[in-house]
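The structure appears right after this line, and notes come after that.
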There are 2 protein chains.
Amino acid sequence: MTIPLPGSQVRGSKTGKPIMALLDLLGRTWALGIIWNLHSGPATFRELQQRCEKISPTLLNTRLKELKTLQLIEMKEAGYQLSHQGVDLFKIVSPLGHWSSQWAQALKEESE
Amino acid sequence: MTIPLPGSQVRGSKTGKPIMALLDLLGRTWALGIIWNLHSGPATFRELQQRCEKISPTLLNTRLKELKTLQLIEMKEAGYQLSHQGVDLFKIVSPLGHWSSQWAQALKEESE
DNA sequence: ACATCATGCTACAATATTTGTAGCACAGTT
DNA sequence: AACTGTGCTACAAATATTGTAGCATGATGT
């Protein structure tokens, strides 16, 4: 799977619009999960594997390469961590944490 | 693939935390793309297929079922549309549109 | 009544992605 | 020199996605 660079064709769009590249990226298994799990602080490869519970090293490495290329994460002494842009991205999606709780509650009440 | 109901085990987590169910859902191919494309208004199955450019009917239907079950979209006279909760979710992720442009710009400058 | 059209959607084989297990290569300790 | 922990690769099995064809139903026209 090619890395969804903004400006190039991606899954779901020939236009190369940045949002399409981003949706392609975030729509890949574990991409958002990795960003979410890195938010709590830098992690080594193996620790990140554990935070993600069930990710295979093969896929983790694939995603890390993509996220590095797209400058959302970076590898420093402390391990992998969100880059400046990664942090910005996380800030946008972070309300999902709270929203998902309410959503779960609504689904639960519905089923009663 | 089972539908990531909050409270049940999902890819990446045994805890069933709502955020994990949500990340599982949004991490599936096209899930975010469908929500994004529905934001501009209701669409019939075939029109949605076109908005998504390259989605297969098989997958579109699979995702629509998931999103319906999770009450993010609903099917009315006008076609498929975001539910109340779907709209809320979209509101959270909508800043990604603007953010992705800046991100693309930064990547571009980097490569010069 | 009958053909024509558009709709939502399914069937299914081909293809691509993801998982899971094992383990290599390297660096720092003991 | 063995023992740890690290990042990461190999590769086959399992699973997800695509692409094409087309069915079934309902509305519209003749």
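Chain A is the first sequence line, chain B the second, and so forth, proteins listed ahead of strands; every chain is numbered from 1. Only heavy atoms go into these numbers, but all of them, side chains included; no hydrogens, no water, no symmetry mates.
Evaluation of atom-type donor-acceptor distances gives no pair under 3.5 Å for the side chain of A:R46 against the base of D:dG5. With hydrogens and angles left out, the side chain of A:T58 and the base of D:dA10 share a donor-acceptor pair within 3.5 Å. Side chain A:T29 to base D:dA16: no donor-acceptor pair is found below 3.5 Å.
Side-chain atoms of A:D24 come within 3.5 Å of backbone N or O of A:R11 as a donor-acceptor pair. Formation of a donor-acceptor pair under 3.5 Å by the A:N61 side chain with backbone atoms of A:P57 is not found in this model.
In this structure, B:L48 places its CG atom 11 Å from P of C:dC9, rounding to the nearest Å. Look at CD1 on A:I55: it is 10 Å from C1' on C:dT19, rounded to the nearest Å. The CD1-P distance, from B:I73 to C:dG8, rounds to 12 Å in whole Å. A straight line from NZ of B:K54 to P of D:dA16 spans 23 Å, rounded to a whole angstrom. Between the C1' atom of C:dG8 and the CG atom of B:L60 lies a distance of 10 Å, rounded to the nearest Å. One interatomic measurement links the two molecules: CE of B:M1 to C1' of C:dT19, which rounds to 13 Å at whole-angstrom precision. If you take CD of A:Q49 and P of C:dT19, they are 12 Å apart, rounded to a whole angstrom. Atom CD in B:Q50 sits roughly 14 Å away from atom C1' in C:dG8 (whole-Å rounding).
As judged by a 4.0 angstrom heavy-atom cut-off over every strand, B:R11 is placed among residues making no nucleic acid contact.
Residues B:L72 and B:L25 are in side-chain contact: their nearest non-hydrogen atoms beyond the backbone lie under 4.5 Å apart.
Put simply, A:Y80 has no side-chain N or O that comes within less than 4.0 Å of OP1 or OP2 on D:dT6. Between C:dT17 and A:W30, no contact under 4.0 Å exists linking OP1 or OP2 to a side-chain N or O. Between D:dT17 and B:R63, a contact under 4.0 Å exists linking OP1 or OP2 to a side-chain N or O. Of the side-chain N and O atoms in B:T44, one or more sit less than 4.0 angstrom from OP1 or OP2 of C:dG8. Put simply, A:N61 has no side-chain N or O that comes within less than 4.0 Å of OP1 or OP2 on D:dG7.
For A:L59, the side-chain atoms get nearest to C:dT18 when compared with the rest of D:dG7, C:dT18, D:dA16. Closest approach to the B:P57 side chain among D:dT17, D:dT18, D:dT20 is made by D:dT20 (side chain taken as heavy atoms from C-beta onward).
Annotation for A:K17: atom NZ does not count as buried by contact number, only 12 or fewer foreign heavy atoms lying within 6.0 Å.
Atom CZ of residue A:R63 and atom NZ of residue A:K68 lie 14.0 Å apart, to the nearest 0.5 angstrom.
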